[in-house]
Amino acid sequence: MTTLQNDRFLRALLREPVDVTPVWMMRQAGRYLPEYLRVRKQAGSFMNLCTNPELACEVTMQPLERFPLDAAILFSDILTIPDAMGLGLYFAEGEGPRFERPLRSRADVAALGVPDPEDSLRYVMDAVRLIRRTLDNRIPLIGFSGSPWTLATYMVEGSSTKTFSQVKGMLYSEPRLMHQLLETVAASVTSYLNAQIAAGAQAVMIFDTWGGVLTPADYRTFSLQYMQRIVEGLTREAEGRRVPVILFTKGGGAWLEAMADTGCDALGLDWTTDIGDARHRVGERVALQGNLDPAVLYATPDVIREKAGHILQQYGTGNGHVFNLGHGITPDVNPENAAALISAVHELSAPFHE
């Protein structure tokens, strides 16, 4: 078994005893850090940063030099898989991700194949390997992917959207075609995450950013069942340890019981769900990760401490809690406020683990 200097994150995901509640932050390597902005400028573009293993490793490590975080997360993007499928990912300044060749027809979907993660996505695996060596077993490394439904949303829409008109149009008018697309993407995500685990990722997270825009029935049919297929197809042990799997559906608070039934180890919660209620609903089946409103980080350190303490109290005593934001940290947050949050969680959580 690989010996980690700090394994409380992995232990918490498996609902094992820890000394304090572990904490990390979604998008902890990102635009709120001035050192990230310097490397981003050096790279010349976001895609150059993602596809350069050395620079991806550098920005992955940046928050760990500032804060006593309990986990690192691979710096990458959820849209690397569709890009490897040939859709032509690029980032328009101020507009977010776009695809040169979005899916618009049956022929477009039929032409898709499952990318070889050690070929067209080799730069991600090289980054995982380099980050693991650089971490030197200090804390665990999290790998990740977007969910099939979330990736399909971008692949069909071609960019970010507020209406989901193209992808929902396909879902309702051609459900078989949508299932064909989701099956291909699910196979790709499974292969991609297993390659990350083989390269050294010690936990993996599936980001279902847009599952919450679906009806309850459509969520189960077009999002959850494909995430379950992925969970069932993942390597669950490596280096003598269990490899925990975290599912996160933004806006998915109504479906926690069904998500827990997939066989995952933990559920990520956004800030619209009461974590105490969530714990009551899922019982001991899964750990819970979350769920401070990221906007709290605009407040004073005293308020941040108060709000963090409230979430710890909501969860209560015992095991199975990983503290996180309810979504990614926003670019204009003061890094000192992130430091205040991490310090507060570690200090205030100790009594909950006695």
Side-chain angles (χ1 to χ4, degrees), residues 9-10 13 22-30 46 49-51 53 56-57 59-61 63-64 69-84 89 97 115 117 121 123-132 135 139-154 185-211 223 226-231 233-236 238 242-250 252 259 262 264-270 287 289-290 322 324-329:
F9 167 73
L10 296 178
L13 289 178
V23 56
W24 69 281
M25 298 179 296
M26 289 185 275
R27 294 185 186 154
Q28 65 190 24
F46 181 76
L49 183 54
C50 287
T51 57
C57 176
V59 295
T60 297
M61 298 299 297
L64 310 181
L69 292 155
D70 294 298
I73 184 166
L74 164 71
F75 181 84
S76 187
D77 192 83
I78 64 170
L79 299 180
T80 53
I81 288 176
D83 184 50
L89 175 64
L121 291 163
Y123 63 90
V124 178
M125 307 312 144
D126 285 345
V128 171
R129 286 184 276 262
L130 180 57
I131 295 164
R132 273 298 305 274
L135 282 170
I139 54 175
L141 174 63
I142 307 166
F144 72 92
S145 174
S147 73
W149 166 252
T150 292
L151 297 184
T153 294
Y154 287 102
V185 177
S188 301
V189 171
T190 305
S191 173
Y192 182 59
L193 289 178
N194 278 336
Q196 289 185 35
I197 293 166
Q202 291 150 296
V204 293
M205 184 164 172
I206 300 172
F207 287 87
D208 187 30
T209 309
W210 298 123
S223 182
Y226 290 99
M227 289 196 289
Q228 179 162 356
R229 289 190 195 184
I230 294 165
V231 171
L234 289 179
T235 302
R236 303 301 288 274
R242 174 103 169 156
V243 180
V245 181
I246 309 164
L247 296 189
F248 173 68
T249 294
K250 187 180 179 212
M259 294 172 69
T262 61
C264 66
D265 298 284
L267 300 179
L269 306 176
D270 68 21
Q289 178 177 276
V322 172
N324 207 315
L325 305 177
H327 202 244
I329 188 170

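Note that these values count all heavy atoms, side chains included, but never hydrogens, waters or copies made by symmetry.
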Q: Output a table of donor-acceptor pairs, distance under 3.5 Å, between side-chain atoms of residues 72-82 and any protein atom two or more places apart or on a different chain; print 'none' if there are none.
A:
residue	atom	partner	partner atom	Å
Asp77	OD2	Leu79	N	2.9
Thr80	OG1	Asp77	O	3.3
Thr80	OG1	Tyr192	OH	3.0

Q: List the atom of Cys50, the atom of Tyr123, and the distance in Å for their closest heavy-atom pair.
A: O-CD1, 3.4 Å
Q: For Met125 and Ala199, work out which heavy atoms get closest and say how close.
A: O-CB, 3.9 Å
Q: Enter the distance from Ile246:CD1 to Ile206:CD1 here, rounded to the nearest 0.5 Å.
A: 10.0 Å
Q: Within a strict 4.5 Å, meaning less than it, do heavy atoms of the Asp208 and Leu247 side chains meet?
A: no
Q: OG/Ser223 to CE/Met259 distance, rounded to the nearest 0.5 angstrom?
A: 8.0 Å
Q: Rounded to the nearest 0.5 Å, how far does OG1 of Thr249 lie from CG of Leu269?
A: 10.5 Å
Q: Would you confirm whether Ser191, through its side chain, and Ala187, through its main-chain N or O, come within 3.5 Å as a donor-acceptor pair?
A: no
Q: Which pair of non-hydrogen atoms, one from Val243 and one from Ala238, has the smallest distance, and what is that distance?
A: CG2-N, 3.7 Å
Q: Report the distance from atom OG of Ser147 to atom CH2 of Trp210, rounding to the nearest 0.5 Å.
A: 11.0 Å
Q: Report the C-alpha separation of Trp149 and Val185 in whole Å, then their side-chain angles, then the decisive distance to 0.1 Å, and conclude whether the side-chain contact (heavy atoms from CB on, under 4.5 Å) test is met.
A: CA-CA 8 Å; Trp149 166 252; Val185 177; over 6 Å; no
Q: May I have the step-by-step check of side-chain contact (heavy atoms from CB on, under 4.5 Å) for His327 and Asp270, ending in yes or no?
A: CA-CA 6 Å; His327 202 244; Asp270 68 21; 5.7 Å; no
Q: Can you find a heavy atom in the side chain of Phe144 that is under 4.5 Å from one in the side chain of Phe207?
A: yes
Q: Taking all heavy atoms of Gly233 and all of Asn194, pick out the closest pair and write down the distance.
A: O-ND2, 3.1 Å
Q: Taking atom OG1 of Thr51 and atom CG of Leu89, what is their separation to the nearest 0.5 Å?
A: 10.5 Å
Q: Identify the two heavy atoms, one from Ala71 and one from Ile142, that lie closest to each other, and give their separation to 0.1 Å.
A: CB-CD1, 3.8 Å
Q: To the nearest 0.5 Å, how far apart are CD1 in Ile131 and CG in Leu141?
A: 5.5 Å
Q: Do the side chain of Thr150 and the main chain of Thr209 share a donor and acceptor less than 3.5 angstrom apart?
A: yes
Q: Apply side-chain contact (heavy atoms from CB on, under 4.5 Å) to residues Leu234 and Val204 and explain how you reach the verdict.
A: CA-CA 10 Å; Leu234 289 179; Val204 293; 4.0 Å; yes
Q: Does the side chain of Leu10 come within less than 4.5 Å of Pro244's, by heavy atoms?
A: yes
Q: Quick one: are Asp70 and Val23 in side-chain contact, heavy atoms under 4.5 Å?
A: yes
Q: Is there a side-chain contact between Leu69 and Gln28 in this structure, where contact means two heavy atoms from C-beta onward sitting under 4.5 Å apart?
A: yes
Q: Between Ile329 and Arg27, which heavy-atom pair has the shortest distance, and what is it?
A: CG2-O, 3.0 Å
Q: Should Met26 and Asn324 be marked as a side-chain contact (heavy atoms from CB on, under 4.5 Å) after you check the CA-CA gap, both sets of side-chain angles, and the distance that decides it?
A: CA-CA 7 Å; Met26 289 185 275; Asn324 207 315; 3.9 Å; yes
Q: How about Arg236 and Val245: do any of their side-chain heavy atoms sit closer than 4.5 Å?
A: yes
Q: Within the structure provided, determine whether Pro117 and Val124 are in side-chain contact (heavy-atom separation under 4.5 Å).
A: no
Q: Using a 4.5 Å cut-off on heavy atoms from C-beta on, say whether the side chain of Asp126 contacts that of Arg129.
A: yes
Q: Please list, chain by chain and in numerical order, all residues satisfying side-chain hydrogen bond (donor to acceptor under 3.5 Å, both in side chains) with Gln289, sequence neighbours excluded.
A: Trp24
